[in-house]
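Data first, discussion second: the structure below is written as structure tokens.
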2 protein chains.
Amino acid sequence: MTSTIHIIDDEESIRDALAFLFASRGLPAQGWPSGEAFLEALPGQDCGCVVLDVRMEGLSGPEVFDRLRAMGWKAPVIFLTGHADVPVAVQTLKAGAFDFVEKPFNDNQLVDLVVKAIAMHENQRVLIGHRQDLQRRIQTLSNREAEVMRLMLQGNLNKQIAHALGIAMRTVEVHRSRVLEKMGVRNTTELVVLLAELDAS
Amino acid sequence: MTSTIHIIDDEESIRDALAFLFASRGLPAQGWPSGEAFLEALPGQDCGCVVLDVRMEGLSGPEVFDRLRAMGWKAPVIFLTGHADVPVAVQTLKAGAFDFVEKPFNDNQLVDLVVKAIAMHENQRVLIGHRQDLQRRIQTLSNREAEVMRLMLQGNLNKQIAHALGIAMRTVEVHRSRVLEKMGVRNTTELVVLLAELDAS
DNA sequence: CCCGCTATTGTGGGTTTCCACAATCGCGAG
DNA sequence: CTCGCGATTGTGGAAACCCACAATAGCGGG
């Protein structure tokens, strides 16, 4: 596992302790003294997970989280808090945070949590890649092809599509064939299955 | 909206205040003095939503929630708490609770929340109904028909299915036709679309 | 034993899908 | 103006799908 865990906390002792904990488990980690510093550097490529303190000088944890979400951030975010704050916990979880942990925490449990978060992120990265690949294929379709595909997906016969679009059935066959070729599938059934799999995730 | 809101709280004043609040907004409500009482009566048919206090004599809110989930309960559950308890909030939310609200709460916000929860439940009820209908149709298939359908859904030609099952292509045609008839669709595309839509929800 | 149901198979004919080969037209870019 | 691309269409032939009509065999229940 090569993903880096990014620890954002204005307390150096906490950052170092966590970095040491993760390093001792073979998990690469990097600390950031503030949300601002992290947002400015914004290391995205190798990020496996963010461990984010709620209370910080400057931008708070939830504020950093909002910024990340606003820019389409995908890596999981685990909040740490030393103060019981139910509304913040509820709000961040409902907004998509991976988890919310009170200090003091159990080392093993935090590591397990981080490992789970990284694994989930990895799975999602694969799915996102597939979805982007599918999107690229869809982008190669001409307008007409895309239109024919939409009607194909409704289970229409070629002659029904021809009638709907006011063109010859031979033309529908041409478009249909090109759609299947560009989408890399054998037939309409495979196309529906492919689109459905990625729609569901 | 005919769904009932079930309020579970061992404090009669809270139950009555909430029942009054909901009634004043045209939302039918019923109070229960304990989790035990609710679990014993277990009104399921008209339940739109459960509002559940965390701290109670006997079974606690989270314990009631666990019992409900264990029996496949579907209606949304909103927790109320007078004590900041982050781990409980996090755990119940991650276990599927609809929301977690600290007392004192804003009347309008709680009502909005309940209305949202009921609407979500209604949507899910419709989907569950569709899924059950689909399941019933699938149950009408003979073993052989179900087997042919599985291969159909993979985009196989009749002759491919015939080869895989070691039978004549004519037989595959017969099974295929009966599958489409029993599933109430025009062709394999409609069948895949139908199954995918309900799989995704 | 009879009946109903499922599984299986065949024949013949119609419909739909698929496509190689071929061609025209319109539009936009260089 | 030329070229490339997309949209459109036709011909002819093969493959795949669909099904009415017909039949046999096996199994379980009454």
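Lettering follows sequence order; numbering is per chain, from 1.
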Partner of B:Glu145 under salt bridge (Lys or Arg N to Asp or Glu O under 4.0 Å), chosen from B:Lys182, B:Arg176, B:Arg137: B:Lys182

Do B:Arg55 and B:Asp10 sit within salt-bridge range, that is, some charged N less than 4.0 Å from a carboxylate O? no

How long is the span from the CG atom in A:Leu59 to the CZ atom in A:Phe38, to the nearest 0.5 Å? 12.5 Å

Quick one: is B:Ser177 getting a side-chain N or O under 4.0 Å of the D:dC19 phosphate, OP1 or OP2? yes

The side chain of A:Val174 is closest to which nucleotide in this list: C:dT17, D:dC18, D:dT9? D:dT9

Tell me which nucleotide among C:dT17, D:dC18, C:dT9 gets nearest to the side chain of A:Leu157. C:dT17

Please determine, for the side chain of A:Glu173, which listed nucleotide (D:dC17, C:dC18, C:dT9) has the closest atom? C:dC18

In the structure I gave you, are the side-chain heavy atoms of A:Phe79 and A:Asp99 within less than 4.5 Å of one another anywhere? no

d(CG, B:Asn187; C1', C:dT17) in whole Å: 13 Å

Between B:Thr171 and A:Arg186, just flag the one whose closest nucleotide in DNA chain C comes earlier from the 5' side. B:Thr171

Could you check how far CZ of A:Arg176 sits from P of C:dC18, rounded to whole Å? 5 Å

State which of C:dC19, D:dG6, C:dC18 makes the closest approach to the side chain of A:Arg178. D:dG6

Mind checking if A:Ser142 touches a base, just sugar-phosphate, or nothing, with heavy atoms under 4.0 Å? sugar-phosphate

How long is the line joining CG of A:Asn143 and P of D:dT8, in whole Å? 11 Å

Between A:His175 and D:dG6, is there a side-chain N or O to OP1/OP2 distance below 4.0 Å? no

Heavy atoms from C-beta onward define the side chain here; which of D:dT8, D:dG10, C:dT9 lies closest to that of A:Ala168? D:dG10

Between C1' of C:dT16 and CG of A:Asn156, the distance in whole Å: 14 Å

Grab the CE-C1' distance between A:Met152 and C:dT17 for me, whole Å please. 11 Å

Start at the 5' end of DNA chain C and walk down; is the nucleotide closest to B:Val172 or to A:Met169 reached first? B:Val172

Sugar-phosphate, base or nothing in reach of A:Arg144, heavy atoms under 4.0 Å: sugar-phosphate

Would you please confirm or rule out a distance under 4.0 Å between OP1 or OP2 of C:dT17 and any side-chain N or O of A:Asn158? yes

Side-chain donor/acceptor of A:Arg170 to base of D:dT11, under 3.5 Å: yes

Identify whether the distance between the nearest side-chain nitrogen and carboxylate oxygen of B:Glu147 and B:Arg144 falls below 4.0 Å. yes

